[in-house]
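Here is the naming used below: chain letters follow the sequence lines, and residue numbers restart at 1 for every chain.
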Amino acid sequence: MADHTETERAAGAAGGDGVSPRTGGNGAGALAPRLPKPKPPGYFEGETMTRRALFSGGVVAAGGIATAAILLPAIGFAVGPVFEEEDFPWQSVGPPSKFGEDDYTPVTFSMVTDVGEAGKTLAYVRRRNPAIDTKLMDEYVAISTRCAHLGCPVRWVSPAQRFVCPCHGGVYDAQGQVEGGPPVRPLDRFKTRVQNGQVQIGPRYSVNSDLKRFSARDPGEPLDGLWQYLYPKRFSVPPVSG
Amino acid sequence: MAIRIPKPPLPGRRRPPRPAEPPPDGGPALKDQAAEAGVGIAGWVDERTGVGGFTKGMLFRKVPKGTNWFYTLGSATLFAFLSQAVTGIFLAMYYDPSPDRAYDSVQHITNEVWLGDLVRGMHRWGATVMIVLIFLHMGRVFFFGAYKYPRELNWVIGVVLLVLTLGMGFTGYLLPFDQRSFWATVVGVNINGTAPVLGPYLSDFLRAGPEFGATTLSRFYAIHMLLIPILIAALITIHLYLVVKLGTTAPPWLKAKLPEPLEKERV
């Protein structure tokens, strides 16, 4: 060890870059120039990158590539569902005669498959009533029971003509518009169509207080004014067009 | 130019001397031999790891005058975490994180497994105890001013640990998979989703999709029993290292005693 340093010092001194304090001519002890930094082994004049820097850089790069090769796929695996659009099959909920114009009929269907009862959800369906449904022209109105506050299940109270949420007291009118409590936007709806003599329910969509359509948002996310940009469309839900 | 090979470094210290051999005639009594065997094993390990000095420095470090019972709240939190880890590992032996089996397996643990209700109860109540202890510990550090220089980083790590522990509470709440835990998780994920811009995507990550689906439960289970505990254990290690390295603070009501001449000068 000691031998190694000695030779390097000698090499540095021989290069003529500096003056050793002990052999320096001026003899001013306090102001003696500092010993030059020893050159690394294999140094040559005019080099831009030492062998040591090349190797440490190479080791760091190799380690980084190896770590990324493991970590990035693993993270992508966990995060994947965020970017994957989920399929939502149309489901028949009954013949058109089942649904009236003036009151809602509850229907049960599977929102998510493979989770048993937990994947089922309830929607309230009625035929479009031209007297009140002036903004949306779907033939059937299917209102989601997911409260727009934090997602508890609302229920339709027919005598009061209101949707009422059991958790935090949200109240909606017959159109699903907020009448009271904490909800930030009207109740979500489902697309509907009639096929083979059956009313079918399709993907969920959200509406703002003017009943303008948006792709499905989670509860608690307002859609009026600038809010629609703070809660953007997610990759996992279908676009609202159509 | 000749290749110069550096000489191997000399050992810095001499090795500690080997323990003396027992005398050949007669020898010590069996009891003494047994006592020495324990010392021998400890010495054998210590000679090869140097763990003795570390343990001694950790357990017999100096603490300031006035150290009192409030200083035990951090250790209490640590033991609450260890208790959660042990009971959690054993609960995982009986728990089944699939949507149609989770509720039944928790009922099985509670009603049929021997001591199952006790171990589940320890885990369930221990979770609350740990949160309470964390806040008491945090209060102690805050009111004693122990977060000040040079311990700010340890305060920050402690806050991250608090958030991770709350995450444990949130993810663990779903696992019994009854009505209460299901709807509480729906509400909790939606509260998280109200964070602007990133909130909706984070909700999709937690649920593994736009709706509470088949993999949501196993995802919460993996986060609850692997991801967050590993992070907590790693951060506790750093937290403790900094506590030992920086030492603890004296209580604020205890003034430092200056040497006699300085004491006079101050008046």
Taking side-chain hydrogen bond (donor to acceptor under 3.5 Å, both in side chains) as the cut-off, I'd like each qualifying pair that reaches into residues 207-216 of chain B, sequence neighbours left out, listed once.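 Found A:Arg204-B:Glu211, A:Asp218-B:Arg207, B:Asp204-B:Arg207.
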For [X], does the [atom1] atom have more than 12 heavy-atom neighbours from other residues, nucleotides or ligands under 6.0 Å away?
| X | atom1 | result |
| --- | --- | --- |
| B:Tyr147 | OH | yes |
| B:Gln179 | CD | no |
| A:Asp210 | CG | yes |
| A:Trp227 | CH2 | no |
| B:Arg48 | CZ | yes |
| A:Leu226 | CG | no |
| B:Tyr103 | OH | no |
| A:Arg155 | CZ | no |

Please tell me if the side chains of B:Pro200 and A:Glu221 come closer than 4.5 Å, counting only heavy atoms from C-beta onward.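 B:Pro200 reaches A:Glu221 side chain to side chain.
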Report yes if the side chains of A:Tyr231 and B:Thr194 come closer than 4.5 Å at any heavy-atom pair, otherwise no.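 Yes, close enough: below the 4.5 Å cut-off.
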Considering only heavy atoms, which portion of [X] lies under 4.5 Å from any heavy atom of chain B: side chain, backbone, both, or neither?
| X | result |
| --- | --- |
| A:Pro153 | both |
| A:Ala216 | neither |
| A:Arg217 | neither |

B:Ala195 portion near chain A, given a 4.5 angstrom heavy-atom threshold: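 When you check distances to chain A, only backbone atoms of B:Ala195 fall under 4.5 Å.
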Residue B:Pro196 versus chain A: region with a heavy atom under 4.5 Å: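 Both the backbone and the side chain of B:Pro196 come within 4.5 Å of chain A.
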Using non-hydrogen atoms and a limit below 4.5 Å, what part of residues 232-239 of chain A faces chain B?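 Result: A:Pro232, A:Lys233, A:Arg234, A:Phe235, A:Ser236, A:Val237.
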For residues 104-112 of chain A, give me every residue with a non-hydrogen atom less than 4.5 Å from any non-hydrogen atom of chain B.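 Residues A:Met111, A:Val112 are the ones that qualify, each having a heavy atom under 4.5 Å from chain B.
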Distance-minimising heavy-atom pair for B:Gly209 and A:Pro81: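 Minimum heavy-atom contact is N-CB, 4.0 Å.
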Which residues in residues 181-193 of chain B have a heavy atom less than 4.5 Å from any heavy atom of chain A?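 Hits under 4.5 Å: B:Phe182, B:Trp183, B:Val186, B:Val187, B:Asn190, B:Ile191, B:Gly193.
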